Amino acid sequence: MDLSINLLRDRTTAAFLGLLLAVALLRLVELRISKRHQKEMAARGAAKIDEPKFRWMVLLHTAVLLGAALEVVVLRRPFILWLAAPMFSLFLAANAVRWWVIRSLAPGRGDLRTLSLRSPS
């Protein structure tokens with residue numbers, strides 16, 4: 001019995017860590033899209049606005065992913081199916097909306113940073 005519990009814990013932990021890795025990879029894809037949009041906007045005369053708190057937001061988002069991984073691995077949190085199933089569905093729905101928004105924005109308009117496009121006077 002103890003072996004089967006450990007195998008289940010190992011599988012669910014690996015699945016959760018895989019999910020966190022997928023989230024991190026998707027964020028990197030978003031950064032790449034954002035960089036491409038920044039270049040397109042810069043070609044049209046946009047200027048990046050200095051955002052001193054942007055690095056802190058990046059650090060916070062990174063820390064949340066790392067903290068979630070550490071919580072499961074170090075504290076050996078149990079897998080709770082009745083909670084995991086609806087939360088995974090919510091995660092999928094939220095990401096579907098997130099990518100719908102990213103794809104719906106006009107080319108060169110969606111960006112993680114703030115840019116100012118000067119209008120012709």
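If you're wondering where the values come from, they're calculated on a predicted model, not measured in any experiment.
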### Query
Rounded to the nearest 0.5 Å, what separation is found between the CG atom of Leu28 and the CD1 atom of Ile33?
11.5 Å

### Task
Could you list who else is in Val73's hydrophobic cluster, with ILVMFWY side chains joined at under 4.5 Å, directly or through other members?
Phe16, Leu17, Leu19, Leu20, Val23, Leu65, Val72, Phe88, Phe91, Leu92

### Message
For the backbone of Trp100 and the side chain of Ser104, can you confirm whether one donor and one acceptor N or O come within less than 3.5 Å of each other?
### Response
yes

#### Entry: Nearest-0.5 Å distance that lies between atom CZ in Arg103 and atom CZ in Arg98
15.0 Å

### Task
If a pair satisfies salt bridge (Lys or Arg N to Asp or Glu O under 4.0 Å) and one of its residues is in residues 58-73, list it, with sequence neighbours excluded.
Glu71-Arg77

### Query
Is the shortest heavy-atom distance from the side chain of Met57 to the side chain of Glu51 under 4.5 Å?
no

### Task
Answer with yes or no whether the hydrophobic clustering places Leu31 together with Leu25; edges join I, L, V, M, F, W, Y residues whose side-chain heavy atoms lie under 4.5 Å apart.
yes

### Query
Any side-chain heavy atom of Trp99 sitting closer than 4.5 Å to one from Leu26?
yes

